Every structure is written in C-alpha cells, then in structure tokens.
There are 2 protein chains.
Amino acid sequence: MDWQEKLNQEGLRVTHPRRVVISVLEQSGTPLSPQAIHRRSLEAKEEIGLVSVYRTLDLLTELGLVRRVHGQNECQCYVLASPGHYHHLVCQHCGSAVEFSGMEDLSSLLAPIELETGFTINEHLLQFSGVCPECQRRTGYHDQE
Amino acid sequence: MDWQEKLNQEGLRVTHPRRVVISVLEQSGTPLSPQAIHRRSLEAKEEIGLVSVYRTLDLLTELGLVRRVHGQNECQCYVLASPGHYHHLVCQHCGSAVEFSGMEDLSSLLAPIELETGFTINEHLLQFSGVCPECQRRTGYHDQE
DNA sequence: ATTCTTATTGAAAAATATTTTCAATAAGGA
DNA sequence: TCCTTATTGAAAATATTTTTCAATAAGAAT
Ligand SMILES: [Mn+2]
Ligand SMILES: [Mn+2]
Ligand SMILES: [Zn+2]
Ligand SMILES: [Zn+2]
C-alpha cells in the first residue's frame, strides 16, 4: 500500500502540498528540516506554504510514512519511512541516511534492565551514526582497530 | 571527580548560574527543558538569566556532565549524567528518567549492519521508554503478555 | 585583604522556529 | 457540474534560541 492509498484509507485527501513534500523527501538521500523541504519545493517551482510543510510532516509522521531523525544538534529532520520496524544510520560527514531493519533483538538487553529498574519497557529509540562508504572513500577514512 | 573539579580542570569558573542549574537538575527526577530549569531556579529564589541556562547546558553537555533526552515531541530536556557510558529509560506517564549502564553489547547488531550498508558505525543513540514501577502501581498497569 | 585580569553574566534586541486563525480554495464524492 | 468540507496559505501571534555588549564577579596574583 502506497502513501496515497494510506491517505484514502484514512479519509484524507491527496493534495498538492502533500505530493510535493513526499516528492522532495523521495529525491533526498538525507533527512530534511521543514525549512529545507520548503526551500527545495520552491526551487522545484512548486509553491507551497511553509505551514503546510509543518502540517504535512506532522500528519505523515502520525501515519508512520515519515520518521524524524535525531541528531547531535538538530532533531527536526525527516526522512521517508519504509513500512515496518526500521531504524536509521546516518553519515556524520555527508548526512546521508539509510534504514536498517529492526530485526535486531534487543530483548536480551531489555530483560536485565527491566529487572533492575522495575520499568516495563515498550518502546525504543535506536540510531547509529558513522561514515558512509562514499565518504570513507572520499576522505580516506578507515577503521581504527 | 565532581563537576566543580571538572570545571577547574578546564580552566572554567564555578559560578552562581552554573551552581543553580546543576542544583535544579539534581533535585529533579525528570529531564527538564531550559525554560523549566529557569522557572525552577526563580522559584528557588535564585535569580539567574535564561541565557545563562542555555549557555550552561551547552557547556555541561560539552563536558559530558549532562545529557539531552530525546522524546516523541520534546528533544530539549536535560538530565544530569553519570560519568561513563549510560543511556536513559524514561517513563511515558510521569516522565521520570533513570540511567542504565551502557554495558550492553551492540556489537553483535553492528557487525551485520556494517557489512550490509558499508558504513563504519562509531556512535549510537539508544533510549528506552516505558512505565516506571510507581506508575505501574498507581495506574494498575501490567504487562500485556 | 586588595588589586588585577578576564571569563562570565544578563538585559535587550535580533534572529529563528513554530503555532494559531480564518477566509479562500480545491479534492473528491454525489 | 455541483456540493460538501478537508485543506491551504497569508498574516499575526507565540515561542525558542542566539547575538551583542557593557557590567560584574571568579579566582589568581600581589
Ligand atoms: Mn528496533
Ligand atoms: Mn550504548
Ligand atoms: Zn531528538
Ligand atoms: Zn557520507
């Protein structure tokens, strides 16, 4: 099910601003801020309001179609989200982000922490950052072992 | 080594605003925003400027004495950080946060992801959220299994 | 204790970011 | 083509964060 079907399913409309925001995110390999998305939409001669960018991001986040990426400073950048449980891996040099499957098993971690703290854990935020293949090549970076 | 020694070591001064910010964070069991910290400092009759709260949080974060906590909406809340590698576990009801040791071994996770993506991973952001023991008791919450 | 140096403070202003309001518009069903 | 109403966007209101700079006070030196 693509995003348009998802909207229909929810009784929401497929509008121009929503199309543009999705399109801009599809183009980009890096997470984008609302301002960045707006700027790019103007550059593409698609005149939409900044307010709509905000509203669209909220909506799409709600629907699980985009995800917010948390950084050292900036936590207001968004990427398109694949359906399912995924996390992001962000390049510290160029900012490019890729998803990795959430097939990870954190339960072995969780159990002792739940026991120790008495908390019941039901959500997690997991993100990795490092250097992407391109940037490794470009900067001659290699693992310090 | 306590925070005052740490500041000295860096040639930084132990000032009134810094004392107050640390003190407010020590009182609180939950992560606090700059505004919240400022409000509490005023309530405690410790008149410091909001600007100093911002500057102090930046500084202390830099020094690893406080950490920023990322939430669904709010990502500008800070908690005191123990020295070493820790992560946070936040209660979705009352907001209380506890640290858990970073002794977790993510390397078994990392290896396949590095292989698959070509990234070299060197940092991670990990946070859990759930329900704390007090809120479980208070709300009659219990694990749905 | 007094003086000196300069890191730090805080008021104010500026810059940014986000939300609210509401009349006008357009999406999509009838 | 018409109708209903979800959605848009300009403008204003709010909120957040940063910059500036003269005044202050931390802490070393004397
Ligand atoms: Mn996961
Ligand atoms: Mn860790
Ligand atoms: Zn964040
Ligand atoms: Zn890169």
Side-chain angles (χ1 to χ4, degrees), chain A residues 1-24 31-63 65-66 68-78, chain B residues 1-24 31-63 65-66 68-78:
Chain A
M1 181 175 56
D2 66 2
W3 65 272
Q4 313 207 359
E5 291 174 307
K6 179 82 177 177
L7 288 187
N8 286 329
Q9 191 185 28
E10 303 285 331
L12 300 166
R13 295 177 182 175
V14 176
T15 66
H16 183 57
R18 286 169 187 172
R19 251 191 281 268
V20 173
V21 168
I22 297 254
S23 159
V24 166
L32 298 177
S33 67
Q35 283 77 11
I37 292 171
H38 185 235
R39 188 166 352 98
R40 293 194 184 198
S41 80
L42 297 185
E43 284 165 8
K45 303 293 181 217
E46 301 290 355
E47 309 248 330
I48 65 178
L50 176 58
V51 207
S52 294
V53 176
Y54 276 100
R55 284 189 288 224
T56 298
L57 289 172
D58 281 351
L59 181 71
L60 297 178
T61 301
E62 197 63 39
L63 297 177
L65 295 170
V66 306
R68 195 152 59 89
V69 171
H70 301 260
Q72 285 291 312
N73 315 289
E74 185 59 78
C75 282
Q76 303 302 326
C77 291
Y78 294 80
Chain B
M1 180 174 56
D2 67 2
W3 65 273
Q4 313 209 358
E5 290 174 306
K6 179 83 177 175
L7 288 188
N8 287 329
Q9 190 186 28
E10 302 286 329
L12 300 166
R13 296 176 182 176
V14 176
T15 66
H16 183 57
R18 287 170 186 171
R19 252 191 282 266
V20 172
V21 168
I22 297 254
S23 159
V24 166
L32 298 177
S33 68
Q35 283 77 7
I37 293 171
H38 186 235
R39 186 165 356 95
R40 292 195 184 196
S41 81
L42 296 185
E43 284 165 8
K45 303 290 180 221
E46 301 289 354
E47 309 249 330
I48 65 178
L50 176 58
V51 209
S52 293
V53 175
Y54 275 99
R55 284 190 288 225
T56 298
L57 289 173
D58 282 350
L59 181 73
L60 297 178
T61 300
E62 195 65 38
L63 298 177
L65 295 169
V66 305
R68 194 153 58 89
V69 171
H70 301 258
Q72 283 293 312
N73 314 291
E74 185 59 79
C75 284
Q76 303 304 327
C77 291
Y78 294 80

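Remember, predicted model here, so these are calculated numbers, not experimental data.
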Could you state the interatomic distance from CD1 (B:Ile48) to CZ (B:Arg18), rounded to the nearest 0.5 Å?
11.5 Å
Rounded distance (Å) that lies between atom C1' of D:dG27 and atom CD of B:Glu10:
17 Å
Interatomic distance, A:Arg39 atom CZ to A:Ser33 atom OG [nearest 0.5 angstrom]:
6.5 Å
Please report the closest heavy-atom contact between A:Pro34 and A:Gln76, naming both atoms and the distance.
CD-O, 3.2 Å
Of all of residues 36-47 of chain B, which get a heavy atom below 4.0 angstrom from DNA chain C, listed by number?
B:Glu47
Would you mind telling me which residue lines up with the more 5' stretch of DNA chain D, B:Gln76 or B:Asn8, judged by nearest nucleotide?
B:Gln76
Nucleotide nearest A:Val51 (side chain, heavy atoms from C-beta), chosen from D:dA11, D:dT5, D:dA26:
D:dA11
What contact category does B:Arg55 fall into here, base, sugar-phosphate, or nothing, at under 4.0 angstrom with non-hydrogen atoms?
base
Opening and closing nucleotides of DNA chain C in contact with chain A, under 4.0 Å to non-hydrogen atoms:
C:dA17 to C:dG28
Which residue lies more 5' along DNA chain D, comparing B:Pro34 with A:Gly11 via nearest heavy atoms:
A:Gly11
Please report the interatomic distance OH(B:Tyr78) to CG(B:Asp58), rounded to the nearest 0.5 Å.
6.0 Å
Just by distance, do the side chain of A:Thr56 and the backbone of A:Val53 share a donor-acceptor pair under 3.5 Å?
no
Heavy atoms only: give me the nearest A:Glu47-A:Leu42 pair and the separation to one decimal.
CA-CD2, 4.0 Å
Rounded to the Å, how far apart are B:Leu12 CG and D:dA28 C1'?
15 Å
Does the pair B:Leu7 and B:Leu59 meet the rule for a side chain to side chain contact (heavy atoms under 4.5 Å, CB included), with working shown?
CA-CA 10 Å; B:Leu7 288 188; B:Leu59 181 73; 4.3 Å; yes
Do B:His16 and B:Val20 have side chains that approach each other closer than 4.5 Å (heavy atoms only, starting at C-beta)?
yes
